[in-house]
Structure formats: structure tokens, C-alpha cells
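Below: one structure, written as C-alpha cells.
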Amino acid sequence: MEAITGLPEEERVADYLSHPVFNTHHSETELLRYMKQLENKDIALTHSMIALGSCTMKLNATAEMIPVTLPGFSRLHPFAPREQWQGYDLMLAELGEWLAELTGFAAVSLQPNAGSQGEYAGLLAIKQYHESRGEGHRRICLIPQSAHGTNFASAVMVAYEVVPVRCDEQGNVDMGHLRECLVTHREKLAACMVTYPSTHGVFETEIRALCEAVHEAGGQVYMDGANMNAQVGLTSPGAIGADVCHLNLHKTFCIPHGGGGPGMGPIGVAAHLASFLPQDPLAEIDEQMQVGPVSAAPFGSGCILTISWAYIAMMGGDGLREATAMAILNANYLAHKLEAYFPVLFKGSEGRVAHECILDLRGFKATAGVEVEDVAKRLIDYGFHAPTMSWPVAGTLMVEPTESESKAELDRFIDAMICIHEEIRKVAEGVWDKADNPLKNAPHTAERVIAESWSQGYTREEAAYPAAWVRLNKYWPPVGRVDNVYGDRNLFCSCVTPSFGKATGE
Ligand SMILES: *Cc1c(COP(=O)(O)O)cnc(C)c1O
């Protein structure tokens with residue numbers, strides 16, 4: 001190979017791409033099979049609903065995904081001259097306008113790459129706003145205890161001092177404590193970050209009063225928009241009284257995010273914050289007045305914005321409103337059906353939840369020795385990915401069905417949960433041993449179920465086919481129960497062992 005001129009001529013000494021995975025699959029068919037084999041290990045939306053609360057795992061429609069692959073969107077350099085991306089420009093402008101309308105805000109930045117980065121950008125806007133008014137000493141950020149961890153982290157990133165606000169018994173922000181904090185920190189208050197509906201899955205009735213009280217004390221309201229799936233078309237952060245809000249386009253607006261990204265977290269701001277949005281990384285920044293960029297490209301992971309554009313374009317205003325209503329209806333249907341088996345931890349004053357609900361499993365520890373993790377793992381035997389576990393409350397499951405799931409699928413999930421409740425009852429009543437039962441041993445791999453010896457106090461059928469409909473579409477987990485805590489504390493290397501690829505049977 002010809003040497004590239006200008007580069008120092010150095011010989012590579014280390015091996016590279018030496019892992020067999022880079023040298024094993026040489027034909028399209030082989031690679032396809034390898035990828036399918038990886039896919040088969042995963043319990044995904046292609047199997048069943050993934051009711052991860054707060055994450056909003058909704059349909060990523062094929063029609064929304066296709067434009068990502070169009071070369072006009074996927075092959076453009078982020079810093080190509082503007083005249084070369086007029087179509088993109090139009091799409092970005094339209095999406096920005098739609099998001100401004102949906103959030104009730106004056107301006108939107110499409111730059112942040114995640115909700116957390118949106119929080120960071122939004123807090124920078126608030127910070128610059130205070131500084132521009134000679135109030136740079138305002139550095140205290142109130143955050144309710146129930147907030148997502150990223151809220152606290154973002155506040156620390158902009159060098160704010162975090163003051164946690166308590167929640168009351170019903171899971172709402174404790175307004176009494178909030179008002180106390182506002183009095184104590186009045187002089188130095190910069191912002192209050194609040195999630196609506198709250199991470200407890202309830203529409204807090206005091207949200208407008210909260211915004212007013214924060215404003216009255218000279219602070220700005222940052223709304224965490226991760227739960228926008230319960231707001232779109234019905235209300236908006238702007239209408240409620242917030243000053244800035246991020247949108248997780250990979251939650252509410254259909255960008256797929258199983259496996260960790262990439263996401264997009266644009267922010268919307270009220271008019272007084274519009275000049276403090278992130279700048280183009282190549283622009284000259286006036287540090288006194290501007291926040292600079294928050295990401296290395298002007299529109300973040302720009303090409304995936306086509307997914308959200310397509311979603312909004314195809315749904316239209318009425319469609320979006322209906323989706324929100326269905327998401328709320330589905331969550332309430334599920335909460336209502338399961339309430340007799342698993343208490344719903346938080347409900348609003350009318351006895352309803354928002355777009356998700358928290359099922360309280362803590363009581364089963366005393367009666368049956370069953371913990372939330374046992375139920376999460378047992379759901380895998382039924383073919384379901386577990387809902388969000390132990391967040392925002394330890395020992396609970398947070399379920400968010402979204403509008404994408406049909407009643408039939410909701411009923412199947414409800415059925416699985418009721419069957420599991422019956423299994424817990426058997427353990428509690430001593431029919432099954434507290435240590436040897438399908439919950440404690442879940443999930444059951446095929447290897448384990450078909451092994452020569454089976455000494456469990458329940459049948460193989462009870463282990464692997466606990467409900468009739470499981471037979472139609474059985475998902476086999478590739479591994480059994482792992483010790484989460486041990487795994488978190490001990491680093492494992494998945495490097496190639498010397499025997500890899502050799503048929504040593506080791
Ligand atoms: C997901 C989530 C975030 C963070 O968003 P990312 O896009 O994952 O960075 C913040 N707050 C809440 C309530 C969330 O659910």
C-alpha cells in the first residue's frame with residue numbers, strides 16, 4: 001500500500017481487530033446469522049411490550065425510520081455549507097416550530113443530544129439569563145427528591161448548589177417545604193427543576209402554584225420533559241408556567257433507544273431565554289451574553305431528527321392528542337386491573353394515575369420472601385421484559401404501557417402479573433418452598449429445563465410454560481439469574497480466552 005505523504009512512517013506494532021468476531025463472518029449470510037443470533041438473545045419489542053416506566057418505550061414505526069437512511073440526510077457533513085442542505089434546513093425549521101407549539105414556548109434548540117444534555121443546556125440558559133441581569137449570585141437549584149438523577153447531576157455541572165425538596169405521603173412535591181426553601185433561599189434562588197407529570201406517575205395539581213411561587217422568589221422553572229407523553233396536545237410546559245423544558249425525542253417522539261441511543265434532547269424556552277440557547281460550535285461566542293455550544297455539531301445527531309419529524313407529520317395535531325389520551329387511558333386500565341393484586345403506590349386526588357403507574361411489591365418480602373427482582377426475572381419466563389425496577393421507589397415496578405400497545409397485549413401482561421401473584425401466594429402459603437420456587441430460580445434457561453436432572457419442587461412445565469399463550473411465542477433467556485450486586489462490584493473481562501473458537505468444550 002502506498003504511504004500517505006506527510007505522515008510519519010511508523011510501523012504498527014500492535015495487532016488490531018484481532019477478536020475472532022472480526023475475522024469469522026465472511027459472507028453476508030454468515031454475518032446475517034451472527035446478527036440474528038445476537039438479536040435472539042434479546043427480549044425486545046419484537047417479542048412483547050416493554051413497559052419501562054419513565055423511558056417511554058413506544059412504537060418506532062418503520063415509516064418513521066426509513067428517512068434516516070436517505071443519503072440526503074445520512075451522508076451530509078454536519079458543517080457542510082448551508083446552501084447544500086436546504087431540505088434539511090426546512091425539516092429542522094419545521095420540527096423546531098412544531099416542538100415550540102407543542103411545548104408552548106417561543107424558541108427551540110435542536111442541539112442537545114440527550115435529555116440530560118438538554119437539562120445542562122437549559123440550566124446554562126437560566127444561568128446566563130441571571131448573569132445578564134446582574135444576578136449571577138443566584139446559584140441555588142431546588143430539586144424534588146423524586147427527580148431523576150440527571151437533574152441533580154446537571155445542576156452540579158453548571159456549578160449550582162442543589163437543595164432537595166421533600167415529597168409528601170402522596171408522592172407530590174411537599175408544597176410546605178418548597179415554600180420554606182423559597183423563603184430561606186430567596187436571595188440566591190436560581191431555579192427549580194420539576195418533572196410533570198411527576199416521576200411518581202401523577203399529575204400534580206399544584207404545578208401552576210409551584211411555578212408561580214418560584215417566579216415570585218426570582219427563580220426560573222426548569223421542567224423535565226421526560227413525561228411529555230402525558231402532555232402532548234393536552235397541555236404544555238409553557239401553558240403551565242415553566243421557562244424551559246427538554247424533550248426526550250427518543251421517548252415521546254419515537255426515536256428508538258433500546259440499547260442506549262443515540263437520542264436527542266432539544267430544549268424549548270420562553271421568549272426571555274431565547275437569546276441564551278446553545279450556539280453553533282463554529283460561531284463566534286460573546287461570553288458575556290452567550291452560552292456557547294453544548295455539543296460538537298450544530299444540530300446534535302441531526303439525521304435522527306427525521307424520525308420525530310415524520311412522527312409528528314404523520315400524526316398531526318389531533319393524532320398526537322389522541323395518542324396522549326390513549327397513553328393515559330392504557331396506564332389507568334392497567335393500574336385498575338392490577339390494583340387488587342399489587343397496590344398502586346401513588347394516585348392523584350381523583351384516584352387516577354397519569355401515563356404510568358408504580359406497583360408496590362414491598363409487602364411480599366414479609367409474606368413470601370419474594371422481592372421485586374424475583375418478579376422482574378420471572379416476567380422473562382412469561383416472555384416479558386421487566387418494567388422499570390426500584391425507581392423512583394425501591395422495591396416497586398414502574399409500568400408505562402404507552403399508546404402503542406393494544407388491549408390484547410395489555411391483557412396478556414396483566415394476565416402474567418396475576419399469574420405471578422398466584423405464584424407468590426403459593427410461596428406464602430408454603431405450597432412452594434421459600435428458596436426453591438419458580439420466582440427465586442427465574443429466569444429458566446432451556447439448558448436448565450431440559451437437563452437430565454431436575455430436583456426443583458415444581459415442574460419443568462411450571463418453570464418454562466407458566467401460561468398457555470407462552471407456548472405460541474416462547475422466549476428462551478440465554479442466561480439464568482445473575483448476581484446483580486456482585487456484578488456491579490466486580491469487573492469481568494469478556495476478552496477472548498486462549499481456547500476461543502477451538503472445540504475444547506471448555
Ligand atoms: C430519561 C429521563 C431523563 C434523562 O434523559 P436522557 O435522554 O436519558 O439523558 C431525565 N429525567 C427523567 C424523568 C427521565 O425519565
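Start at 1 and go down the list; that is how both ligands and their atoms are numbered. Residue numbers start at 1 and run along the sequence shown.
Protein heavy atom in closest approach to atom 4 (C) of ligand 1: Thr150 OG1, 3.8 Å. At the shortest separation from atom 15 (O) of ligand 1 among protein heavy atoms lies Ser54 OG, 2.6 Å. Of the protein's heavy atoms, Asp224 OD2, 2.5 Å lies nearest to atom 11 (N) of ligand 1. Of all protein heavy atoms, the one lying nearest to atom 8 (O) of ligand 1 is His250 NE2, 4.2 Å. Shortest contact from atom 5 (O) of ligand 1 to any protein heavy atom: Asn248 ND2, 2.9 Å. In this structure, the protein non-hydrogen atom closest to atom 6 (P) of ligand 1 is Gly115 N, 3.5 Å.
Side chains of Asn229 and Lys251: a donor-acceptor N/O pair is absent below 3.5 angstrom, by distance only. There is a side-chain donor-acceptor pair under 3.5 Å between His272 and Gln220.
Residue contact check: Glu119 has heavy atoms under 4.0 Å from atoms 10 (C) of ligand 1. In the vicinity of Ser116, heavy-atom distances shorter than 4.0 Å reach the ligand 1 atoms 5 (O), 6 (P), 9 (O).
Contacts between Ala226 and ligand 1 below 4.0 angstrom, taking non-hydrogen atoms only, involve the side chain exclusively.
For atom 1 (C) of ligand 1, the candidate residues are Lys251, His257, His148; the nearest heavy-atom contact is made by Lys251.
Aromatic ring pairs are classed by plane angle as parallel below 30°, tilted from 30° to 60° and perpendicular above 60°; the pair Phe79 and His77 is tilted. Using bins of under 30°, 30° to 60° and over 60° for the plane-to-plane angle, the ring pair His246/Tyr222 lands in the tilted bin.
More than 12 non-hydrogen atoms from other residues, nucleotides or ligands lie less than 6.0 angstrom from CZ of Phe492. Within a 6.0 Å radius of CZ in Arg352, no more than 12 heavy atoms belonging to other residues, nucleotides or ligands are found.
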Next on the checklist: Pair Phe384, His47 - check ring pair (Phe, Tyr, Trp, His ring centres under 6.0 Å), show working.
Outcome noted: CA-CA 8 Å; Phe384 286 104; His47 290 101; over 10 Å; no
